[in-house]
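The chain is numbered in sequence order, starting from 1. Just the heavy atoms: all of them, side chains too, but no hydrogens, waters or symmetry mates, feed the values below.
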Amino acid sequence: MSAYKPNSRHLREVLIFCFNMKKSAAEAHRMLSNTNGEAAISERMCREWLQRFMNGDFDVKDQHTGGREKVFEDAELEALLDQDSCQTQQELAGSLGVTQ
């Protein structure tokens, strides 16, 4: 057996092939499971990705899921960033009178 372990992106690319072959989520999952065993994604994930493809979204790159927005503890720093978000850390530290 091969030592190759597919990553998530590789599996999503295979799902595009399954989508083009008009496979259902169950069929695609079965194919992935038979080929990759434990490394295969779930049938639910197959369904979600196939739905994305049906909606025209074929971007299989890993995407940041957002998460919590960054919160500044220092209101003065936040005000400086609101004025000009392109300031360097050195410039911000100088304006605040602190070390970088």
All pairs passing side chain to side chain donor-acceptor pair (under 3.5 Å) where residues 14-24 contributes a residue, at least two apart: S24-E27
For R30, salt bridge (charged side-chain N to carboxylate O under 4.0 Å, His left out) partners two or more places apart: none
Nearest heavy atoms of F19 and L50, plus distance in Å: CB-CD2, 3.7 Å
Side-chain donor or acceptor of N36 paired with backbone N/O of A39 under 3.5 Å: no
F17-V60 co-clustered via ILVMFWY side chain contacts under 4.5 Å: no
Rounded distance (nearest 0.5 Å) linking atom CD of Q89 with atom CG of L92: 8.0 Å
Set of residues satisfying salt bridge (charged side-chain N to carboxylate O under 4.0 Å, His left out) with respect to E48, sequence neighbours excluded: R44
Pairing residues for D84 by the side-chain contact (heavy atoms from CB on, under 4.5 Å) criterion, not counting sequence neighbours: C86, Q87
Identify all side-chain donor-acceptor contacts of residues 51-59 below 3.5 Å with residues at least two apart in sequence or on another chain.
from	atom 1	to	atom 2	distance (Å)
N55	ND2	Q51	O	3.3
D57	OD1	D59	N	3.1
D59	OD1	K61	N	3.2

From M21 atom CE to M31 atom CE, the distance as rounded to the nearest 0.5 Å: 7.5 Å
Backbone N/O of E91 and side chain of S95: donor-acceptor pair under 3.5 Å: yes
Heavy-atom closest pair, residues A40 and L11: CA-CD1, 4.2 Å
Side chains of L15 and I41 in contact at under 4.5 Å (non-hydrogen atoms): yes
Salt bridge (charged side-chain N to carboxylate O under 4.0 Å, His left out) pairs, two or more places apart, involving residues 6-20: R9-E13, R12-D62
